[in-house]
J.: 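Could you have a look at this structure, given as structure tokens, before my questions?
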Amino acid sequence: MAHKMTKDEWQRFLSEGTRTGKLATVRDDGGPHIAPVWFLMDGDELVFNTGEETVKGRNLARDGRMALCVDDDRPPFSFVVVHGTAEISSDLAEVRHWAARIAARYMGEERAEEYGARNGVPGELVVRVRIDKVIALAAVAD
């Protein structure tokens, strides 16, 4: 039977494995933009990197509102949708730190520093999301 996830359940769901998030931001004309992102949970906040000149980077600099959907596409299917407000930093030490930590999740600890060096450069950003609302359902097909 489908059920709403508790906070512990959805935070664990977001932290498991290498699921990518589908990030929705607001374009300057009010339309939606969506892009996949690698991310981590840091306590009660969500963290990811992007370039300042990407569509998502420009959108978030102008309007910090965002939503992120993460799903498990295997039966019985589950998903988490996070709504929040992004805060952006271009501090290179912070960008490099988070780029390496995120890479460790998705590419393995042995490649973390390589990705941290590649993505921790001028023009890259670290985005920290204050979560305002969560919709999280587990076992949707049960």
Side-chain angles (χ1 to χ4, degrees), residues 2-141:
H3 72 274
K4 290 182 181 179
M5 291 185 206
T6 66
K7 181 178 180 181
D8 285 344
E9 287 174 321
W10 65 255
Q11 285 186 332
R12 190 169 39 256
F13 180 89
L14 292 177
S15 298
E16 290 173 344
T18 56
R19 297 181 184 115
T20 57
K22 290 75 172 176
L23 176 71
T25 60
V26 182
R27 290 181 180 272
D28 60 1
D29 67 0
H33 174 263
I34 190 161
V37 294
W38 291 354
F39 69 93
L40 287 175
M41 290 296 298
D42 182 31
D44 287 340
E45 297 180 322
L46 194 131
V47 180
F48 62 92
N49 294 102
T50 192
E52 64 185 1
E53 293 303 319
T54 64
V55 174
K56 61 186 173 287
R58 291 190 317 266
N59 288 349
L60 290 170
R62 183 185 31 70
D63 184 336
R65 294 177 297 163
M66 52 69 59
L68 183 89
C69 178
V70 180
D71 67 324
D72 183 352
D73 63 357
R74 298 167 299 159
F77 309 105
S78 300
F79 70 89
V80 175
V81 178
V82 172
H83 297 260
T85 306
E87 296 178 5
I88 296 171
S89 171
S90 59
D91 177 79
L92 284 179
E94 188 177 6
V95 171
R96 185 177 179 137
H97 168 79
W98 285 106
R101 297 296 14 104
I102 292 165
R105 174 182 184 178
Y106 290 91
M107 297 302 297
E109 194 63 50
E110 64 281 357
R111 298 198 64 196
E113 292 307 314
E114 170 192 347
Y115 276 81
R118 185 186 90 175
N119 296 331
V121 297
E124 294 295 313
L125 305 168
V126 63
V127 180
R128 181 171 290 277
V129 177
R130 185 188 72 240
I131 297 172
D132 300 319
K133 178 182 177 181
V134 176
I135 301 164
L137 292 176
V140 174

J.: Within the 4.5 Å heavy-atom criterion, are V80 and V134 side-chain neighbours or not?
T.: yes

J.: Do R105 side-chain atoms and G17 backbone N/O form a donor-acceptor pair below 3.5 Å?
T.: yes

J.: Would you give the length of the straight line joining atom CG of L23 to atom OG1 of T50, rounded to the nearest 0.5 angstrom?
T.: 8.0 Å

J.: What pair of heavy atoms forms the shortest contact from N49 to V95, and how long is it?
T.: ND2-O, 3.6 Å

J.: Is the closest side-chain heavy-atom distance between K133 and V81 below 4.5 Å?
T.: no

J.: Do S78 side-chain atoms and A139 backbone N/O form a donor-acceptor pair below 3.5 Å?
T.: yes

J.: With sequence neighbours left out, what residues match K4 under side chain to side chain contact (heavy atoms under 4.5 Å, CB included)?
T.: L137

J.: Identify the heavy atoms of V47 and D42 that sit nearest to each other, and give their distance.
T.: CG2-CB, 3.9 Å

J.: Does R65 CZ have over 12 foreign heavy atoms under 6.0 Å away?
T.: no

J.: Nearest 0.5 Å, please: how far is CD in E124 from OG in S89?
T.: 12.5 Å

J.: Looking at CZ of R128 and CG of L46, how far apart are the two atoms once the value is rounded to the nearest 0.5 Å?
T.: 9.5 Å

J.: Mind checking the CD1-CE spacing from I102 to M107? Nearest 0.5 Å is all I need.
T.: 13.5 Å

J.: Side-chain atoms of residues 112-121: list all donor-acceptor pairs with protein atoms under 3.5 Å, sequence neighbours left out, distances to 0.1 Å.
T.:
unit_1, atom_1, unit_2, atom_2, d
E114, OE1, R111, NE, 3.0
E114, OE1, R111, NH2, 3.4
E114, OE2, R111, NH2, 2.9

J.: Identify each donor-acceptor pair in which a side-chain atom of residues 26-38 lies under 3.5 Å from a protein atom, sequence neighbours left out, and give them as a table.
T.:
unit_1, atom_1, unit_2, atom_2, d
R27, NE, P32, O, 3.4
D29, OD1, G31, N, 2.8

J.: For residues V127 and A86, report the shortest heavy-atom separation together with the two atoms involved.
T.: CG1-CB, 3.5 Å

J.: Taking all atoms of both residues into account, what is the closest heavy-atom pair of G43 and Q11, and its distance?
T.: O-NE2, 3.6 Å

J.: Within 45° of the ring axis of F13 and under 6.0 Å from its six-membered ring centre, is that where the NZ or CZ of R19 lies?
T.: yes

J.: Among pairs that include at least one residue of residues 88-104, which meet salt bridge (charged side-chain N to carboxylate O under 4.0 Å, His left out), considering only residues two or more places apart or in two chains?
T.: R101-E109

J.: What residues form a ring pair (Phe, Tyr, Trp, His ring centres under 6.0 Å) with F77, not counting sequence neighbours?
T.: none

J.: Determine, stepwise, if the pair N59 / M66 fulfils side-chain contact (heavy atoms from CB on, under 4.5 Å).
T.: CA-CA 9 Å; N59 288 349; M66 52 69 59; over 6 Å; no

J.: Could you go step by step and tell me if H97 and V126 meet the side-chain contact (heavy atoms from CB on, under 4.5 Å) rule?
T.: CA-CA 9 Å; H97 168 79; V126 63; over 6 Å; no

J.: Taking all heavy atoms of S90 and all of L125, pick out the closest pair and write down the distance.
T.: CB-CD2, 3.8 Å

J.: Tell me which pairs pass salt bridge (charged side-chain N to carboxylate O under 4.0 Å, His left out) where either residue lies in residues 49-61, with sequence neighbours left out.
T.: none

J.: In the structure I gave you, are the side-chain heavy atoms of I131 and M41 within less than 4.5 Å of one another anywhere?
T.: yes

J.: Report yes if the side chains of F39 and V129 come closer than 4.5 Å at any heavy-atom pair, otherwise no.
T.: no

J.: Do D132 and R130 have side chains that approach each other closer than 4.5 Å (heavy atoms only, starting at C-beta)?
T.: yes

